[in-house]
Amino acid sequence: MTPPPVPGPPLLDTGVGIDGGIALPRPPLTAEDAARSRDRFRVHNARRHGHRWTLLWLLIGPGILAMIGENDGPSMISYATAGATYGIGFFVPFILVTFAMAVVCQEMCMRVGAVTHRGYGQLVLERFGPLWGWFSAGDLILTNLVTLIAEFVAIRIGLSFFHMSAGVAALLGVVLVVFTLSGGRYWRWERIVLGMAVFNGLFLVAAIMTRPHLGTIGHALLTASPFPGGSFNTLLLLVASTIGATVTPWMIFFQQSASADKGLTPSDLRHGRYDTIAGGVLAALCGIGALIAGAALFGHGGSSIQGLSGAGFPGALKLVSGNAVATVFALGLIEAGAVAILTISASTGYAVGECIGVAHSFNNSTRKATVFYGANVGAALIAAAIILIPGAPLLSIALNANVLATVLLPVALVFLIMLANDRELMGKWVNTPTTNRIAVAIVVFISICGAAYGVDSFLQTVHII
Amino acid sequence: MTQAEQEELVMFLERDQFVGDTSRPVRRMALTPRMTIALWALRVFVVVVSAMVIYTFVSQLA
């Protein structure tokens, strides 16, 4: 479809670019450019006619998807486990803090993607060299694979409540990935996943249905107490996995690449920030919903949930809070796993395509971007195959997926901060000193939390402490 | 796609947004020795802690 001509000059006349005073010919227009240009045409029109809500609607996407995508199966299980083990006391404000951290990190991703029009993997590879580029991609592929397994686990847990088998979970996940990839347009893919992400609100519904005491939530928010007691190692695991439930390497790859794929430009930075903040707020609310729903099991043996090798939350909730709450929670787990499978597979596709240097956009046909689409589907297929292994320790996989993401995150964040401060790439859109101070504090905090759990659990395993 | 249609479409993309432009590699940054050492230290730290987490996970399975 060709957009109708618009009266007046466009935002940027790119007929002939001027670079250092030398007129450069315009690059040839590819099918990917044409698809992106159609989306930009609508943005231009909305901006030109002052349609603020339409403009916001057109520009939201990567931020909300990154944040809600990270409210995935293992994250929701981590939150529910924290609630079931310790109650809501410490974790309500802690989740808010971790999402505030996520907003700071994801805003940098969006900004770098919108200014440079390049994905994270591509920039690290080109700016810092192939060694660091492939290290980053390797970290991502490892954590993505483990996390994808955990997403299928979440779907399996949800479906098992409805007496459906692991095979159905595996098939559902793979079919979803193939279905959403079959349009050849970023816009279509984004809107389908956004539509599915709405159902992350089921965790909030489940929380409300457990009739939590508002005074207790308010007290927890204001005082971050009672502070969790019991095993120090379990607490470290839940803290590390809660961090890993909000800021992860795949989110960095995904939001920067998706911002570039969507065609965001520096003129869209304000809306990109709205998108990121809205995603953070929504994801925090739904995450706290899972925590509160899980807390219904606190005092009912919630810390030792059994079933499906230790991840039988819907079944346990059914006994304590009733069938309706359990059903909503199970449906929420299916949604959380499904949305995350799509976004995490996409981040894998972006990373592989960018590092190999081949087409890596949803605006390409499957024939043009075979590697990109192949990595998307391939990652999902491998993860789906693994969950079919009988007797797999599902809860352990889910929690450890988040911990591994937390441990590997500092490297990804350091490169992100370096890119966001790279004046040659970013021009006037580099980080402010305040953003840098906050970002460095986040890296230090996450490194300490990840290392604390890693070292403590290792020393216990080898019986040194 | 006709030439006229192409002309209309390209108006809405920034010059450096074209695939032809984004496919051109950006210049490599010259890392100072101090930055290189810091990055390697961080890399080693992350690998060691990851190995501990993976070892613990595998031990728990056994």
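Keep in mind that this is a model prediction, so the values were computed, not measured.
With a 4.5 angstrom heavy-atom cutoff, A:L409 does not touch chain B via any of its atoms. When heavy atoms are compared at a cutoff of 4.5 Å, B:L31 approaches chain A solely by way of its side chain, counted from C-beta outward. With a 4.5 angstrom heavy-atom cutoff, B:I54 touches chain A only via side-chain atoms. With a 4.5 Å cut-off on non-hydrogen atoms, A:R118 touches chain B through its side chain but not through its backbone. Both the backbone and the side chain of A:F135 come within contact range of chain B, judged by heavy atoms closer than 4.5 Å. For a residue to count as touching a neighbouring chain, one of its non-hydrogen atoms must lie under 4.5 Å from one of that chain's; by this rule A:Q122 touches chain B with the side chain only. Residue contact with chain B, scored on non-hydrogen atoms closer than 4.5 Å, involves the side chain of A:D139 exclusively. Looking at A:V124, there are no atoms closer than 4.5 Å to chain B (heavy atoms on both sides), in backbone or side chain. Both the backbone and the side chain of A:V411 come within contact range of chain B, each with at least one heavy atom under 4.5 Å from a heavy atom of that chain. Residue A:S457 touches chain B through both its backbone and its side chain, counting heavy-atom pairs closer than 4.5 Å.
Looking only at distances, a side-chain donor or acceptor of A:N421 sits under 3.5 Å from a matching main-chain atom of A:I417. Side-chain N or O atoms of A:K262 include none that pairs as donor or acceptor with a backbone N or O of A:A114 at under 3.5 Å.
Listed options B:V19, B:D21, B:V49, B:V53 were ranked by heavy-atom pairs under 4.5 angstrom with chain A; first place goes to B:V19. Between chain A and the options B:L42, B:V48, B:V46, B:V26, the largest number of non-hydrogen pairs under 4.5 Å is found for B:V26. Taking A:T30, A:D33, A:V407 one by one and counting their heavy-atom pairs under 4.5 Å with chain B, the maximum is reached by A:D33. Of all the listed residues (A:G357, A:A260, A:S447), the one sharing the greatest number of non-hydrogen pairs under 4.5 Å with chain B is A:S447. Most heavy-atom pairs under 4.5 Å with chain B, from the set A:A451, A:A359, A:S361: that is A:A451.
In this structure, B:F12 and A:F41 have perpendicular ring planes: the angle between them is above 60°, well past the 30° mark. In this structure, A:F362 and A:Y350 have perpendicular ring planes: the angle between them is above 60°, well past the 30° mark.
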Quiz prompt | side-chain contact (heavy atoms from CB on, under 4.5 Å) between A:L59 and A:R47, worked out | solution = CA-CA 11 Å; A:L59 291 175; A:R47 185 169 276 137; 3.9 Å; yes
Practice problem: Take A:F128 and A:L419 through the side-chain contact (heavy atoms from CB on, under 4.5 Å) test and state the conclusion after the steps. | Solution: CA-CA 10 Å; A:F128 302 103; A:L419 289 172; 3.7 Å; yes
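Across all their heavy atoms, A:T143 and A:A405 have their closest contact at CG2-CA, 4.1 Å. For the pair A:D261 and A:N363, the tightest heavy-atom approach, listed with the atom from each and the gap, is O-ND2, 3.5 Å. Annotation for A:L264 and A:R40: closest pair CA-NH1, 4.0 Å, computed over non-hydrogen atoms.
Counted by atom type alone, B:Q17 and A:T265 present zero donor-acceptor pairs between their side chains at under 3.5 Å.
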